[in-house]
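To start, the structure under review is shown below, and the notes come after it.
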Amino acid sequence: MNNARNIKHLYARAGFGIRFEDLHDHENWSANKAVRKLFKASADSHPITILTENIDLRPQANKTDEEKIRIQEERNTQDKALNLAWITQLSTTDAQLREKMTLFWHNHFACNIGNAYYEQQLNNIERENALGNFKTLLLQVSQSPGMLQFLNNQQNQKGHPNENFARELMELFTIGRGNYTEHDVKESARAFTGWAYDGKTGDYIFRPKVHDDNPKTFMGQTGNFCGEDIVEIIFSHKKTAEFISTKLYRYLVNDVPDAEHISQMTNVFYKSNYEIKPLLEFVFQSNWFYDDKNIGNLVKSPVEFLTGLNRQFYITYQNPDVLMQFQRTLGQLLFRPPNVAGWPGGKSWIDSSSLMYRMKMSSIILNAGVIDFTGKVDPGDEAYLASVRKQQMNVIKRVQAQPNWDKFLKEIPDDTSKIQIAEFMLEPKLNQAVIAEVNQATDIKDTIIQIVSTPEYQLC
């Protein structure tokens, strides 16, 4: 068993990669010890608090054009502050596992409402419960103003049920399509009537006057159910544990599901009453997690790609706005998922255009070079782009990244060969094309830039 390779693989999947000196320090650790250390480093949750109050920045018809522009500018400022606060936390925290799982839940509970304060609140709920109990996480997410607003449960009232939340609760958040009926959706929606939030404080409130308190029949059970009862019934079905285990397997192990391994995960998750930590421990301590077929086979998401670069090379940005431009260009702007299903992930992250951008970005960031930003733009960002286009004319063509080469190179022992550096920086085993490129490099810095510019660097 190659201990160093296994530790490197663990940190690539449970976090955003490992630095050279850390791998040297940890290479004799057992997998169990490394897993314990990862959980210990992520024991505490550090919320993002860049936004301190909920300011009503919704578009209002009675405002003047000047007021509308000012409101839009303030929304843009808040959106940018929140995005950059999380990217900074992802790139610098020691709690890699907690942030990696927060990123998973951020996509699982995809929410795009244009209220940065509520989005920050939801992000902190996901962070606080990222390694805790999934049922607790689900309930807190479901009662957050962000999700209540996004899925229209604020309008779900007795006699006029709105089915949006009830449908997505089952289809996307818990049990999965094919395991419920349209009748279940309708009855579930009735049970969630009255779930709302206070528009001033953002606190969850239950409004009994608009709650449907008549009997409901849901998944074969009849009673005067409220929302919490529906959740309990859904969680009593093992298919819920299987649905989440499958998504986690594809996120942490392999994009091609393995029925036997997912069955094992499902049993652990269900028997632990949906505790997330035991499930992750089981995955990271399983021999199959370290099989060759599960190493270097996942495409890094754009955020994982940027975060890994930032952490590896201690990068700072003279103009942090460029980080949002990178996200837009590569198709994953934090807090702006494309729809309620989130980003599809996997191989969809890469096409011929985005692969070229990624390979170009790596070397340009490390050389503080110039890049032309086009690529993927979410239609929802058009207003934002229009409002800042004038500033962008002068701004971000020059990346203005500042990698700390001295700190990075200091971690690498003098007698380390170029091939050994490539083996450290790339998750897949080296092929002849990579070896040829590395051997052509003129010095160690050139070697590094050649490595991060390969397609293989896009894999973890």
Side-chain angles (χ1 to χ4, degrees), residues 1-20 22-43 95-101 103-104 130-132 134 238-301 304 308 345-347 420 422-431 456-460:
M1 181 179 289
N2 187 328
N3 243 30
R5 188 165 186 245
N6 288 346
I7 297 296
K8 190 160 69 83
H9 173 61
L10 174 64
Y11 273 77
R13 297 299 177 79
F16 305 98
I18 192 168
R19 295 188 174 115
F20 206 106
D22 293 330
L23 180 60
H24 183 266
D25 291 342
H26 305 350
E27 64 183 346
N28 292 321
W29 287 5
S30 66
N32 288 358
K33 181 176 180 179
V35 171
R36 287 198 304 273
K37 292 288 187 179
L38 274 167
F39 274 100
K40 184 176 180 180
S42 292
Q96 285 199 63
L97 176 57
R98 184 173 291 276
E99 292 300 322
K100 185 70 174 267
M101 288 303 298
L103 192 59
F104 173 81
L131 305 174
F134 176 56
K238 203 171 184 179
K239 282 289 182 182
T240 298
E242 181 182 338
F243 181 74
I244 301 301
S245 294
T246 302
K247 285 194 72 170
L248 276 169
Y249 186 89
R250 300 185 72 164
Y251 184 68
L252 297 170
V253 185
N254 198 312
D255 202 32
V256 179
D258 182 300
E260 182 181 348
H261 298 160
I262 290 172
S263 176
Q264 295 169 9
M265 292 171 63
T266 299
N267 288 334
V268 170
F269 201 32
Y270 189 71
K271 288 177 181 177
S272 71
N273 194 28
Y274 294 91
E275 290 291 332
I276 300 164
K277 181 180 177 181
L279 175 60
L280 297 181
E281 288 175 328
F282 172 76
V283 172
F284 297 145
Q285 292 172 350
S286 295
N287 288 335
W288 46 257
F289 178 72
Y290 301 95
D291 286 347
D292 285 346
K293 68 177 182 178
N294 294 329
I295 295 179
N297 66 324
L298 293 181
V299 178
K300 297 174 186 174
S301 73
E304 289 171 331
K347 293 178 181 178
Q420 287 174 321
E423 287 175 336
F424 161 70
M425 297 197 66
L426 299 177
E427 292 302 315
K429 289 184 177 179
L430 302 191
N431 57 43
E456 287 77 10
Y457 188 72
Q458 307 306 319
L459 301 173
C460 70

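Using a 4.5 Å heavy-atom threshold, the side chains of Y274 and T240 count as touching. In this structure the side chain of L459 never reaches within 4.5 angstrom of the side chain of L298, judged on heavy atoms. Between F424 and I18, the closest side-chain pair of non-hydrogen atoms falls below 4.5 Å.
Within the model, atoms CD1 of I276 and CG of L279 stand 8.5 Å from one another, a figure rounded to the nearest 0.5 Å. Going from atom CD of Q285 over to atom CG of L280 covers 10.5 Å, rounded to the nearest 0.5 Å. Rounding to the nearest 0.5 Å gives a distance of 6.0 Å between NE2 of H9 and CG of N294. For the atom pair CG (L23) and CZ (F20), the distance works out to 7.5 Å, reported to the nearest 0.5 Å. One finds the OG atom of S245 at 10.0 Å from the NZ atom of K238 (value rounded to the nearest 0.5 Å). Atom CG in N6 sits 10.5 Å away from atom NZ in K8 (nearest 0.5 Å).
Under the 6.0 Å distance and 45° angle rule, K300 counts as a cation-pi partner of Y457.
Of all heavy-atom pairs spanning M265 and L248, the tightest one is CE-CB, 4.2 Å. Across L103 and E304, no two heavy atoms sit closer than the pair CD2-CG, 4.1 Å. Closest non-hydrogen pair, S30 versus I7, comes out as O-CD1, 4.3 Å. Considering every non-hydrogen atom in both E456 and P428, the closest pair reads O-CD, 3.8 Å. Considering all non-hydrogen atoms of both residues, T266 and E242 come closest at OG1-CA, 3.3 Å. Across all their heavy atoms, K429 and D292 have their closest contact at NZ-OD2, 3.6 Å.
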For this session: Step by step, work out the side chain to side chain contact (heavy atoms under 4.5 Å, CB included) result for Y11 and L38.
Result: CA-CA 8 Å; Y11 273 77; L38 274 167; 3.7 Å; yes
For this session: Using the side chain to side chain contact (heavy atoms under 4.5 Å, CB included) rule, take R5 and I295 through it: C-alpha gap first, then chi angles, then the decisive distance, then the call.
Result: CA-CA 9 Å; R5 188 165 186 245; I295 295 179; 3.6 Å; yes
Exercise. Which is it for K37 and L10 under the side chain to side chain contact (heavy atoms under 4.5 Å, CB included) test, yes or no, and what are the steps along the way?
Worked result: CA-CA 12 Å; K37 292 288 187 179; L10 174 64; over 6 Å; no
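Remark: K239 NZ is loosely packed, at most 12 non-hydrogen atoms of other residues, nucleotides or ligands lying under 6.0 Å away. Other residues, nucleotides and ligands place no more than 12 heavy atoms under 6.0 Å from the NE2 atom of H24.
Of the possible polar contacts, none joining the N254 side chain to the N297 backbone as a donor-acceptor pair under 3.5 Å is found. Of the possible donor and acceptor atoms, none in the side chain of R250 sits under 3.5 Å from a partner among the backbone N and O of P257. Listed for the S272 side chain is no donor-acceptor partner under 3.5 Å among the backbone atoms of P278. S286 places a side-chain N or O within donor-acceptor distance of the main-chain N or O of F282, the cut-off being under 3.5 Å. At least one donor-acceptor pair closer than 3.5 Å links the side chain of Q96 to the backbone N or O of F16. A distance-only check finds a donor-acceptor pair linking the side chain of K100 to the backbone of A12 [under 3.5 Å].
Classified by interplanar angle (parallel below 30°, tilted 30° to 60°, perpendicular above 60°), the ring pair F284/F289 is perpendicular.
No hydrogens or angles considered: a donor-acceptor pair under 3.5 Å links the side chains of W288 and Q264.
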